[in-house]
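Worksheet for the structure shown next.
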Number of protein chains: 2
Amino acid sequence: MKLKMNKGNIYKVQSLERALDILDCFNFQDREMRLTEVVQLTGLNKTTAKRLISNLTARGYLKQDPRSKRYQLGLRLFELGGIVFSSFSLRKAAAHRMNLLQRTTGATVLLGVMMEDQLVYVDKREGHGMIRISSDIGWRRALHYGMLGMVLMAYLTPEKVRDILKRYPLEAHTPYSITDKNAFSLRLEKIRKDGYLSERGEAVEGIIGIAAPIRDYSRQVVAALGVALPIPQLSEKEDVQRIVDIIKISADAVSSDLGYLKI
Amino acid sequence: MKLKMNKGNIYKVQSLERALDILDCFNFQDREMRLTEVVQLTGLNKTTAKRLISNLTARGYLKQDPRSKRYQLGLRLFELGGIVFSSFSLRKAAAHRMNLLQRTTGATVLLGVMMEDQLVYVDKREGHGMIRISSDIGWRRALHYGMLGMVLMAYLTPEKVRDILKRYPLEAHTPYSITDKNAFSLRLEKIRKDGYLSERGEAVEGIIGIAAPIRDYSRQVVAALGVALPIPQLSEKEDVQRIVDIIKISADAVSSDLGYLKI
DNA sequence: TGATTTAGTTTCACATTATGAAACGATCTT
DNA sequence: AAGATCGTTTCATAATGTGAAACTAAATCA
């Protein structure tokens with residue numbers, strides 16, 4: 001009879017809209033509401049308000065103090081808010097170290113996380129050199145493609161790694177790329193043993209990549225931090241080792257900021 | 001025609017329930033969803049899912065990356081979560097004691113509650129002395145995983161414990177983890193008898209956990225307070241007992257602030 | 001490059017589902 | 001104890017949400 005769609009692609013589901021109107025009643029000033037107050041603020045029918053409130057309460061979006069009968073915003077919102085917040089927190093925790101890394105090494109600095117079995121660049125700092133490493137924030141890649149993805153894969157279960165490699169087969173991007181599954185496994189093992197990855201021209205020719213894992217409170221690897229820089233800039237063995245040390249220290253510092261306790 | 005009321009005073013508004021089901025698709029691991037994924041996870045009709053998602057997006061509960069078309073939890077949830085966080089009476093009651101604990105023990109201090117049969121971290125103090133919201137607040141875990149969850153489980157009915165263990169089976173996180181149901185029951189009994197839990201490397205290797213329950217005016221256990229610290233820092237028996245005493249006193253103090261009357 | 005598959009959007013007829021007036025119960029007030 | 005206020009439950013009604021189908025856009029393939 002009536003259309004649910006407004007012009008401008010805005011659908012409205014009345015009962016949902018009303019439920020959200022109820023949540024809107026709560027703010028920093030007014031943290032507690034009784035049913036009648038909600039009714040007054042929203043203009044809803046008492047029964048309707050009660051029904052929606054009960055439903056929201058059952059799902060943890062509101063909670064009721066059984067004594068005063070008053071409602072407050074519930075734990076589920078706290079939890080969901082935490083997820084949103086944590087989307088920023090990694091970047092925030094890493095920001096300072098990334099600036100530092102960029103200044104001290106002059107390299108391109110990259111931060112990435114795993115999302116849906118792929119690598120997503122979360123943040124980056126451009127290097128000084130002429131060679132631009134094309135990786136944009138928010139960009140997705142196959143996990144095994146570059147240094148960050150390989151570091152993240154090193155800490156997955158063997159089953160998960162096998163599953164991912166089946167769906168995203170290894171491919172050669174340069175003559176130095178690893179395309180053999182066994183060689184790849186050994187590489188992952190080495191990453192776990194060393195606590196970092198150092199790679200020379202495997203993802204992009206002429207580019208050295210060095211990366212290390214970032215862990216959070218749960219001790220799980222949640223991100224990878226790495227630098228990419230042109231080989232000519234970094235000929236000496238000692239130079240590589242210097243960068244490796246800096247990366248490991250930086251990644252550890254971010255981990256610690258995320259609540260990781262080093263033993 | 002049909003009643004909206006289920007037994008047990010639980011009203012269900014279908015479209016609201018479904019909208020909340022959609023929000024449930026998102027968690028710390030899977031922060032991005034495409035429409036099709038939501039459809040698969042919820043079992044909703046594509047049109048219905050789209051309509052609800054559009055509505056949630058219009059209200060800021062979801063946001064869409066216009067390029068990838070993928071959805072994420074929106075800023076409104078962050079905002080509402082912030083209100084909950086700031087008005088958490090438990091958190092407020094515990095804040096002072098947590099600061100004190102962190103200073104006197106130098107350990108990481110954790111506060112957690114039970115939600116939907118899982119543990120949710122509500123607040124924490126870093127071992128280093130910085131007070132900060134880091135990504136792990138709001139994090140969910142299986143109840144039996146760590147010290148806080150075990151303390152909370154100790155005060156549930158045996159039926160509830162059995163039910164939870166059926167849905168979240170015991171698993172070994174370290175060689176010291178309890179994986180036997182009977183041993184686990186005995187452990188819960190010991191917690192009730194002692195009024196605290198002391199655990200050595202069961203959840204995380206090399207970490208000692210000591211935790212105690214917090215009750216409110218209703219005399220029910222509503223939260224758990226605990227510290228985690230490296231075993232090397234705490235070799236002596238007397239040291240452990242010292243911390244145990246401090247934790248029990250702290251948890252009791254918080255309980256008392258929540259209206260719990262001892263006897 | 002066009003062909004095929006997959007994902008996202010819009011329409012619209014239909015009946016399931018949300019609605020709210022009214023009556024009832026529970027608390028608080030004096 | 002009587003009156004007032006707030007919360008809960010019922011149930012008849014139609015307004016509202018629903019989903020199959022058709023459509024368009026965007027990947028993916030060959």
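Every chain is numbered from 1, with letters handed out A, B, ... down the list of sequences.
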- Item | Over all atoms of both residues, closest heavy-atom pair of B:Leu258 and B:Ala93 |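 Scanning both residues completely, I find the closest heavy atoms to be CD2-CB, 4.0 Å.
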Looking only at side-chain N and O atoms, does [X] come under 4.0 Å of OP1 or OP2 in [N]?
{"X": "A:Gln14", "N": "C:dT19", "value": "yes"}
{"X": "A:Lys50", "N": "D:dG7", "value": "no"}
{"X": "B:Thr48", "N": "D:dG17", "value": "no"}
{"X": "A:Arg34", "N": "D:dG7", "value": "yes"}

Separation of atom [atom1] in [X] from atom [atom2] in [N], rounded to whole Å:
{"X": "B:Leu16", "N": "D:dG17", "atom1": "CG", "atom2": "P", "answer": "12 Å"}
{"X": "A:Leu44", "N": "C:dA18", "atom1": "CG", "atom2": "P", "answer": "15 Å"}
{"X": "B:Leu52", "N": "C:dT9", "atom1": "CG", "atom2": "C1'", "answer": "15 Å"}
{"X": "B:Glu17", "N": "C:dT17", "atom1": "CD", "atom2": "P", "answer": "13 Å"}
{"X": "B:Arg70", "N": "C:dG8", "atom1": "CZ", "atom2": "C1'", "answer": "14 Å"}
{"X": "B:Gln40", "N": "C:dT6", "atom1": "CD", "atom2": "C1'", "answer": "12 Å"}
{"X": "B:Leu35", "N": "C:dT10", "atom1": "CG", "atom2": "C1'", "answer": "13 Å"}
{"X": "B:Glu32", "N": "C:dA7", "atom1": "CD", "atom2": "P", "answer": "16 Å"}

- Query: Hey, which of these two, B:Ser15 or A:Thr36, hits DNA chain D nearer its 5' end, going by closest nucleotide?
  - Reply: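 It is A:Thr36, whose closest nucleotide lies nearer the 5' terminus.
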Check nucleotides 21-28 of chain C for protein N or O atoms closer than 3.5 Å to its own N or O atoms and list the pairs.
{"residue": "C:dA21", "atom": "OP2", "partner": "A:Asn45", "partner atom": "ND2", "Å": "3.2"}
{"residue": "C:dA21", "atom": "N6", "partner": "A:Thr47", "partner atom": "OG1", "Å": "2.8"}

- Item | Identified side chain to side chain donor-acceptor pair (under 3.5 Å) partner of A:Glu202 from the options A:His144, A:His173, A:Arg187 |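 Single pass found, and it is A:Arg187.
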- Message: If you count heavy atoms of other groups shown closer than 6.0 angstrom to CD of B:Glu159, is the number above 12?
- Response: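 More than 12 heavy atoms, drawn from other residues, nucleotides or ligands, come within 6.0 Å of this atom.
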- Message: For B:Lys92, is the NZ atom crowded, meaning more than 12 foreign heavy atoms sit under 6.0 Å from it?
- Response: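 Yes - once you tally the heavy atoms of other residues, nucleotides and ligands closer than 6.0 Å, there are more than 12.
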- Message: If you only use heavy atoms from C-beta on, which nucleotide in D:dG17, D:dT8, C:dG20 is closest to the side chain of B:Arg51?
- Response: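 Nearest to the side-chain atoms of B:Arg51, counting from C-beta on, is D:dG17.
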- Ignoring hydrogens and angles, tell me if any N or O in the side chain of A:Glu199 forms a donor-acceptor pair with the backbone of A:Gly201 under 3.5 Å.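 Such a contact is found between A:Glu199 side chain and A:Gly201 backbone.
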- Query: A:Ser177 side chain to A:Ala172 main-chain N or O, any donor-acceptor pair under 3.5 Å?
  - Reply: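 Pair absent, no side-chain N/O of A:Ser177 close to backbone of A:Ala172.
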- Short side-chain donor-acceptor distance under 3.5 Å, A:Lys50 and A:Ser54: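 Note: A:Ser54 and A:Lys50 side chains meet the donor-acceptor criterion.
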- Whole-Å P distance, D:dA15 and D:dC11: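 Straight-line distance between the two P atoms is 22 Å.
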- With sugar-phosphate meaning primed atoms plus P, OP1 and OP2, does A:Arg18 contact a base, only sugar-phosphate, or nothing at under 4.0 Å between heavy atoms?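 Sugar-phosphate contact only.
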